[in-house]
Amino acid sequence: MPEAPEVEAVTQALRPLILGQTIRECRVVHPISVKPYSAESLAKSLHENRIEEVTRMGKYLVLRLASGILTFHFKFDGRILLFDATPPGSIHVDALLTLDSVTLGFVDPRHLGRMNWHESADAAPSLSKLGIDIFSPDFTGVALASILNNSRLPLKLALTDQSKLAGIGNIYSSESLWHARLDPRRSSNELTPEETRRLHKAIVSTAHRALECCSDPAPNFRDPEWWFSDLTPILRVYGREGRRCRRCSGSIKRIQQGGRSSFFCPDCQR
DNA sequence: CCTGCTACCTGATGGC
DNA sequence: TGCCATCAGGTAGCAG
């Protein structure tokens, strides 16, 4: 489900609630959630390990521990919930971390999300392969130009390639391209410098707008129902197939790219 | 190296 | 109502 703005909002909201606490116990309810590693090795790595930093890399939530790092990837439906004690049996929980003052639950009924321990970020294959983070100061217009000039992929696929650019997913790629008035099918290495600058501005502004939206109201990890339910106020094209373009009144189209849906307005995105 | 395709999972939704 | 197909804010692994 979440892209970088959502994970950033989670990171910021979660930080004061768990920073400095020690993991007293790790209980894995569904071992699939810690694959490809074992529940035993995870519990061993986490036992009496202190949380020293709560941060984010791309779409990953990363807890830097006194020893190693703990990463969370939410894929489509993963979530974090906090409990005072043992969660009620009615709630699906994949893994539980008992901290000093709170219990953190990793929840993903669909079982695509993962919680993994690694010795370091460099030692984690998934993290070490990430490209420039969209919230990083390193993500400049020049950096985007370099990424795009070296790819013949359609814009949509280049933007969502985490090894090139970390943090953009299916929704914000469509949104950014709409704001930049660019057709998602355009070849990445054929943009003019002006178009590249436009796209860079669109990505940055879309991501910051989304972060603001995701941070207010603040994430509520105590409410099992809460998880960024209402994004629609900021969405301009995503999910609006057949409806009128909010800029030019054209008809929004949906196409398949890389097996996923892209939404765009053929009239004003060129 | 780059690109394209499939598998991994489950639940919600819509058409017949 | 039941059943089937499709879709979902994603990534890893593999083939060419």
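Naming: A, B, ... by sequence-line order, numbering from 1 per chain. All values derive from a computational prediction rather than experimental measurement.
- G105(A) approaches L96(A) most closely through the heavy-atom pair CA-CD2, 3.8 Å.
- Secondary structure note: stems in DNA chain C built from 3 or more consecutive Watson-Crick or G-U wobble pairs under 3.5 Å occupy B:2-8 with C:10-16, B:10-16 with C:2-8.
- Sorted by first and then second residue, the salt bridge (charged side-chain N to carboxylate O under 4.0 Å, His left out) pairs involving residues 131-148 of chain A (not counting sequence neighbours) are R56(A)-D133(A).
- With sequence neighbours excluded, the residues forming a ring-ring contact (aromatic ring centres under 6.0 Å, His included) with H208(A) are F135(A), listed by chain and number.
- With sequence neighbours left out, the side chain to side chain donor-acceptor pair (under 3.5 Å) criterion links H73(A) to no other residue.
- Residue H73(A) contributes atom NE2, which lies 10 Å from atom C1' of dG9(C) at whole-angstrom precision.
- Nearest to the side-chain atoms of E3(A) among the listed nucleotides dG10(C), dC7(C), dT11(C) stands dG10(C).
- For the pair C245(A) and C268(A), the minimum side-chain heavy-atom distance is below 4.5 Å.
- Residues meeting the side chain to side chain donor-acceptor pair (under 3.5 Å) test with D183(A), sequence neighbours left out: R185(A).
- If you measure from atom CG of L148(A) to atom C1' of dC2(B), you get 16 Å, rounded to the nearest angstrom.
- Remark: C1' of dT11(C) and CD1 of I168(A) are 16 Å apart, rounded to the nearest angstrom.
- With rounding to whole Å, E8(A) atom CD is found 17 Å from dG9(C) atom C1'.
- By the ring-ring contact (aromatic ring centres under 6.0 Å, His included) test, H118(A) is found to be paired with Y37(A), residues two or more places apart in sequence or in another chain being considered.
- The stretch residues 179-188 of chain A has no heavy atom under 4.0 angstrom from DNA chain C at all.
- With P as the reference atom, dC9(B) and dC4(C) are 22 Å apart, rounded to whole Å.
- Identified under the ring pair (Phe, Tyr, Trp, His ring centres under 6.0 Å) test for residues 245-270 of chain A, with sequence neighbours left out: Y238(A)-F263(A).
- Here the separation of dT11(C) from dA12(B), taken at their C1' atoms, is 23 Å to the nearest Å.
- Nearest-nucleotide mapping onto DNA chain C: of Y60(A) and Q256(A), the residue sitting toward the 5' end is Q256(A).
- Spacing of P atoms, dT3(B) relative to dG9(C), comes out at 24 Å, to the nearest Å.
- At a threshold of 4.0 angstrom between heavy atoms, the contacts of T160(A) with the nucleic acid are absent.
- Smallest separation of non-hydrogen atoms from K164(A) and A158(A): CD-O, 3.9 Å.
- Under the ring-ring contact (aromatic ring centres under 6.0 Å, His included) criterion, F221(A) pairs with no residue at all, not counting sequence neighbours.
- Under the ring-ring contact (aromatic ring centres under 6.0 Å, His included) criterion, F72(A) pairs with F106(A), sequence neighbours left out.
- Remark: K59(A) is not in phosphate contact with dG9(C), judged by side-chain N or O atoms under 4.0 Å from OP1 or OP2.
- Y37(A) places its OH atom 12 Å from the C1' atom of dA12(C), with the value rounded to the nearest Å.
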Summary of protein contacts for nucleotides 3-13 of chain B, nucleotide by nucleotide, where a base hit scores B, a sugar-phosphate-only hit scores S (4.0 Å, heavy atoms) = SS---BBB---
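- Evaluation of the ring pair (Phe, Tyr, Trp, His ring centres under 6.0 Å) test over residues 142-182 of chain A, restricted to residues two or more places apart or in two chains, returns none.
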